[in-house]
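Both backbone and side-chain heavy atoms feed into the values below; hydrogens, waters and symmetry mates do not. Start at 1 and go down the list; that is how both ligands and their atoms are numbered.
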Amino acid sequence: MSSKTNLTINPQRLWDALMETAQFGATPKGGIRRLTVSDEDKRVRDWFKSECEKLGCKVEVDEVGNMFATRAGRRADVAPIAMGSHLDTQPTGGKFDGVLGVLGALEVLRTLVDMGYETNAPLMIANWTNEEGSRFAPAMLCSGVYAGVFTPEFAWSREDRSGLRLGDELARIGYKGVHKAGAIKFSAMFELHIEQGPILEAENKVIGVVTGVQGMRWYEVMLKGQESHTGATPMGLRKNALLAAARMIDAINTIGMDHLPGVASVGLIENKPNSRNVVPGEVFFTVDLRHPDEAVLDKMEKTYRAAITKIATSLQIEITENRIWNSPAVKFAPDLIECVRHGVSQAGLKTRDMASGAGHDAAYIARVAPTTMIFVPCLGGISHNEEESTTLEECAAGAQVLLNAVLAHDRSFA
Ligand code: HGY
Ligand code: MN
Ligand code: MN
């Protein structure tokens, strides 16, 4: 088997794979709705498994649906080098978030097979279940189980807003695997991903060398007031849960503005009974706080909790609030970052170092194996949006750097 050093990925084949898998959950607006462990997710998983098996990979699934496709290397005595990301999307997701990392890795393996190139270490592609956390909270749930942050039982018990359990849905689509989470080992992980923000595009850079991920915390707030008639209830005698929520949402936004570059958001809200002529009696909403510095995130959390308590008291609203997720800030592995730098210079591309604003499976995997990420730009920095877009050239650049970086790391197993 030959061992060339300047292998080149096939940009059109990568792009075609991205467009082909975009059909699984395609939306009329050109995005993807492929919620985790939905029928659409099953279809893309089946496609991914079959494509990996065509390359001679062994495909294994663990008890929370994480998929691992492994191509043998010269040395069976060393753990694989992994490349991973996720195939699930937001309800109004785009064609590249997560899927570029999995299909970029598939393109790396396809290139090595085409060229008859045998690596020293085995190579592996990981597809992590429920990275998005949109259908089943929290995010990065099953890479979190792999990393020992959550138990499999916790993951299986998570319910979506219609009351379906992750464990039951995994079994229903046939992806509740036999392997214990964490049992399928690898020695390092590289994750290719779109930036999901505007920095690379604004600086006309093609590659982001990602140094880490900011701290992220999610909360759930339940407000109880009193349903009453909008016509017959005087303004001063109302217990309006939606008014309280509105003031809280504005206060949360101000906390983000007061702690830049931190961010503070409310994304999901449910109002009951949601009737034109009933003063709302019950509101549920979610809060997402993020900052690169944990101490500042603590301050944001304290300020947020004081603000919502004060507003609830002033409007005589009962409040229940709890933190459901805390993913501390993470720094990636310096030696893998050097492999990415090597991969960038080998490809002759312009780059910059950056931390990730978005969460990624790499943030949890970094707890159990040396990990790093590679970013490529997305148009206008737009993501988690059906208009999410990037170019064939940018996807190809990312996959080429992924190949170069993995081969650079592989040379340490010669
Ligand atoms: O929430 C996040 O940052 C990721 O997209 N799940
Ligand atoms: Mn993602
Ligand atoms: Mn996402």
Undergrad: Kindly indicate whether a cation-pi arrangement holds for Arg161 with Phe284, taking the cut-offs as under 6.0 Å to the six-membered ring centre and within 45° of the axis.
TA: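 Arg161 over Phe284 ring: yes.
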Undergrad: Are Phe96 and Trp15 an aromatic pair by the rule of ring centers under 6.0 Å?
TA: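 Yes.
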Undergrad: Numbering the atoms of ligand 1 from 1, which are under 4.0 Å from a heavy atom of Ala358?
TA: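 It comes down to these atoms of ligand 1: 3 (O).
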Undergrad: How are the rings of Tyr304 and Tyr219 set to each other: parallel, tilted or perpendicular (split at 30° and 60°)?
TA: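 It falls in the tilted class, 30° to 60°.
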Undergrad: Check if Arg290 has a non-hydrogen atom at a distance under 4.0 Å from any atom of ligand 1.
TA: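 A heavy atom of Arg290 does come that close to ligand 1.
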Undergrad: Should His384 be listed as contacting ligand 1, given a heavy-atom distance under 4.0 Å as the test?
TA: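 Flag set, His384 near ligand 1.
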Undergrad: For Trp128 and Tyr146, take the angle between the two ring planes, folded into 0 to 90°, and tell me which bin it lands in: parallel under 30, tilted 30 to 60, perpendicular over 60.
TA: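 Trp128 and Tyr146: perpendicular rings.
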Undergrad: Under 2.8 Å from the Mn ion (ligand 2), can any N, O or S atom of Asp361 be found?
TA: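 Checking Asp361: none of its N, O or S atoms is under 2.8 Å.
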Undergrad: To the nearest 10°, how many degrees is the angle Glu132 OE2 to the Mn ion (ligand 3) to His384 NE2?
TA: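 OE2 of Glu132, the Mn ion (ligand 3) and NE2 of His384 span an angle of about 120°.
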Undergrad: With rounding to the nearest 0.5 Å, note down the distance linking CD1 in Ile194 to CG in Leu200.
TA: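 The CG atom of Leu200 is 11.0 Å from CD1 of Ile194, to the nearest 0.5 Å.
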Undergrad: Please find out if the Mn ion (ligand 2) and some N, O or S atom of His193 are separated by less than 2.8 Å.
TA: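 Yes.
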Undergrad: So does Lys176 pair up with Glu63, basic N to acidic O under 4.0 Å?
TA: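 Judged by the 4.0 Å cut-off on N to carboxylate O distance, Lys176 and Glu63 do not form a salt bridge.
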Undergrad: Of all the atoms in His86, is at least one N, O or S atom closer to the Mn ion (ligand 3) than 2.8 Å?
TA: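 It does not; every qualifying atom lies at 2.8 Å or beyond.
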Undergrad: May I ask you to establish whether Arg75 and Phe413 are in a cation-pi arrangement, using a distance under 6.0 Å from NZ or CZ to the six-membered ring centre and at most 45° from the ring axis?
TA: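 Verdict for Phe413: no cation-pi partner in Arg75.
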Undergrad: Closer than 2.8 Å to the Mn ion (ligand 3): does that hold for any N, O or S atom in Glu131?
TA: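 For Glu131, the answer is no, given that no N, O or S atom comes within less than 2.8 Å of the Mn ion (ligand 3).
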Undergrad: Taking distance alone, with N or O pairs closer than 3.5 Å, would you say Glu131 contacts ligand 1?
TA: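 Yes; the residue has a nitrogen or oxygen that sits under 3.5 Å from a nitrogen or oxygen of the ligand.
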Undergrad: Nearest N/O/S atom of Asp97 with respect to the Mn ion (ligand 2), by atom name, please.
TA: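 Of the nitrogen, oxygen and sulfur atoms in Asp97, the Mn ion (ligand 2) lies nearest to OD1.
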